[in-house]
There are 2 protein chains.
Amino acid sequence: MKNITIKDVANKAGVSVGSVSKVLNNKGYVSKETREKVEMAIEALNYQVNAAARSLKASRTKKVGMLVSYISNPYLMSIAKTIEDSLRELGCHLLLMSHNEDEATERELLQLIMEQRVEALVLIPTGGNREMVQTVINQKIPVLLVDKKVEGVSTDLIVDDNYYGSYESIKYLSSLGHSRIGVIYGVTKNSVGKERLDGALDAIKDLGCSLDESLIRPGEFDSEKAYKSATELLLLPNPPTAIYCCNNTMTTGLIKAINDRGIKIPDDISIITFGDASQWELLQPPLTLMTQPLKRIGVEAAILLKNRLIMNEEYLPKQLIIKPELQIRSSCASPKVEVRD
Amino acid sequence: MKNITIKDVANKAGVSVGSVSKVLNNKGYVSKETREKVEMAIEALNYQVNAAARSLKASRTKKVGMLVSYISNPYLMSIAKTIEDSLRELGCHLLLMSHNEDEATERELLQLIMEQRVEALVLIPTGGNREMVQTVINQKIPVLLVDKKVEGVSTDLIVDDNYYGSYESIKYLSSLGHSRIGVIYGVTKNSVGKERLDGALDAIKDLGCSLDESLIRPGEFDSEKAYKSATELLLLPNPPTAIYCCNNTMTTGLIKAINDRGIKIPDDISIITFGDASQWELLQPPLTLMTQPLKRIGVEAAILLKNRLIMNEEYLPKQLIIKPELQIRSSCASPKVEVRD
DNA sequence: CTGAAAGCGCTTACAG
DNA sequence: CTGAAAGCGCTTACAG
């Protein structure tokens, strides 16, 4: 049982393959009569064009690659969704894959993406594989970096202003009167993790908060590691009156740690987190946080892509650094007791 | 600036394209010397094979399609991730798209998927488009339905036992002494929504709970609709002592409604939900629920796909109906007051 | 308006 | 072990 080809359709309809191609693509002159014969033949044979053959000839694949860290990350998928919808309007579709923050996997998939001749690539990079990313760009494939930079690569970019978001988070806590502020930070060899930590540290210094190093603990962007660090913070002889947590995954661990010890937010401790997640609104009290404007990032990404795809414009990288906004809910209050440094 | 082709590599290396193809595919005899020359030329020219041309000739695309309802649904993406990882081992990759529960979009994308000549399709269907789904199967593309059936189509299938899960949820509430049980149900023209409602209704009848129809309210698998229905339930002159909510999205609305009215779980009302979500564990109290065994569904799906892909076995549809399990946490208690029916 | 023909970039027998 | 040639299923000028 071989595949039905355009030739079979042509035979059945009693016309040339050229004519079939024309009705398939709605292009060039075809008589109404021919068109009808062809359409009937297509129907009768249940013919489907072969996308590979088509794009080989037309050298347009109508595919856009998107390579993310984790396919199960709702933050990224919300961006992916906006992009997918926008691409659909352009008649393109998404080739979506994930590298799970593994550089070898990322390299392999970048290779695959080039082989697939995607017309553009949206990349949430591991941060490594600089040369490979540059190779993609050299192939004249527009690359849009989202969420994270790749050091030394100049291309379209949309990222949060991580430093700013962290700085403002600490500033807010400080404005409520906190000076012993705990920080649970992420992976610092990652630009996102580093910028968020730096922002927090600088704010702590600038605003005259406690410089006690035992207040600054690693969570590695991992829920369980954060649980451990959070527990350590809570057990400190002189514990912090507020904790700033650098991302959602870690905040899950933090909340568990607080719940497990029966500590009350915000009476016993104030909490602020970097990143939106629907569940933070459901907690009692709902969490105060530094938002990532997902909708905006998705929309901006879609616009950028569309421009690259349609306009085929000369390559002047656009860099968008989006400031997160403080969303005040009820997980922060002024500290009850004055605490010595 | 045209693309580099196998011909360019052959010229540069001073060999035939046939030989280049052999080293590319590690297949057939090539002398070490030739191989080296070719590899150097590939390197020098930065050559990437053209996947379209390759699959046109080899008539193997190494692509598996996955069409889901929502790309941003963590439940589905967790399944997608397991499948993607497993596919990678087979040298295949995922073409992931979403139809947003819109039948026209689903039809369009099924068309696209056939054109792409995927080697298999994982489909979370809208439930409609029966003929189109059948067409895909007729093209000898193995189709695996996940989460939901398509009436009248016989193919591989992995679904939750929705009826059972609902029935057991009510049974659990009844065993705690509840007899006025509220139900917030989903879209009933959808098999999942219908089965869950039926299971709950039958259990209510079988176990002698209140048949008061005002206790059974629609949420349409939507958070805000569920919020409205939940509020109505809570405001009833004789409100339910427990509520069973048929999916996570609606549970979000339910929890908000309960929080907004300052009602305490489980003291004032018991809550049970169908479906896992990491956030339910973080609530105070953590929610009791009927689990969907995501890992298991993902793994089973991956196994099924692998068999279809590798074995190319004769088409005997496998149907897996997976029983969810009750996960007891702290959101259910016995009713405080005896309530008249 | 229609058909014959070239060619997209590969792979695969087949001769040598 | 190597190369020349056919052909995968399309699209696109080009003649007619």
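Residue numbering restarts at 1 for every chain, and letters A, B, ... go by the order of the sequence lines.
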Handout entry: Value in whole Å for how far the C1' atom of C:dG7 lies from CG of B:Leu56
Key = 12 Å
Problem - Residues in salt bridge (Lys or Arg N to Asp or Glu O under 4.0 Å) contact with A:Lys7, at least two apart in sequence or another chain - result: none
Identify every side-chain donor-acceptor pair in residues 41-48 of chain B under 3.5 Å, counting partners at least two apart or on other chains, and give the distances.
{"residue": "B:Asn46", "atom": "OD1", "partner": "B:Gln48", "partner atom": "NE2", "Å": "3.4"}
{"residue": "B:Gln48", "atom": "OE1", "partner": "A:Gln111", "partner atom": "NE2", "Å": "2.6"}

Fill in the blank from the handout: Stems in DNA chain D, runs of 3 or more consecutive Watson-Crick or G-U wobble pairs with both distances under 3.5 Å, sorted by first number, are C:1-3 with D:14-16, C:5-12 with D:5-12, C:14-16 with D:1-3
Please table the atom pairs, donor to acceptor, closer than 3.5 Å between any side-chain atom in residues 29-36 of chain B and protein atoms at least two apart or in another chain.
{"residue": "B:Ser31", "atom": "OG", "partner": "B:Thr34", "partner atom": "N", "Å": "3.1"}
{"residue": "B:Ser31", "atom": "OG", "partner": "B:Thr34", "partner atom": "OG1", "Å": "2.8"}

Exercise for the section: Round to the nearest Å and state the distance from B:Asp8 atom CG to C:dC8 atom C1'. Expected result: 13 Å
Problem - Within residues 92-106 of chain A or reaching into it, pairs that qualify as salt bridge (Lys or Arg N to Asp or Glu O under 4.0 Å) - sequence neighbours excluded - result: A:Glu101-A:Lys148
Exercise for the section: Grab the CD-P distance between A:Glu33 and C:dT2 for me, whole Å please. Expected result: 8 Å
Handout entry: Charged N-O contact under 4.0 Å between B:Glu119 and B:Arg60
Key = yes
Exercise for the section: Verify the contact: side-chain N or O of A:Ser31 to OP1 or OP2 of C:dT2, cut-off strictly under 4.0 Å; return yes or no. Expected result: yes
Problem - Counterpart residues, side-chain hydrogen bond (donor to acceptor under 3.5 Å, both in side chains), relative to A:Lys22 (two or more places apart) - result: none
Fill in the blank from the handout: Contact string for nucleotides 10-16 of chain C, one letter per nucleotide 5' to 3', B = base within protein heavy-atom range under 4.0 Å, S = sugar-phosphate only, - = neither, reads BBB----
Practice task
With heavy atoms under 4.0 Å as the rule, sort A:Thr34 into base, sugar-phosphate or nothing.
Solution key: sugar-phosphate
Practice task
Establish, with yes or no, whether the OP1 or OP2 oxygen of D:dT2 is under 4.0 angstrom from a side-chain nitrogen or oxygen of B:Ser16.
Solution key: no
Practice task
Could you pull out all residues at least two apart from A:Asp85 that satisfy salt bridge (Lys or Arg N to Asp or Glu O under 4.0 Å)?
Solution key: A:Lys81, A:Arg88
Problem - Under the side-chain hydrogen bond (donor to acceptor under 3.5 Å, both in side chains) test, residues paired with B:Lys63 that sit two or more places apart - result: B:Gln116
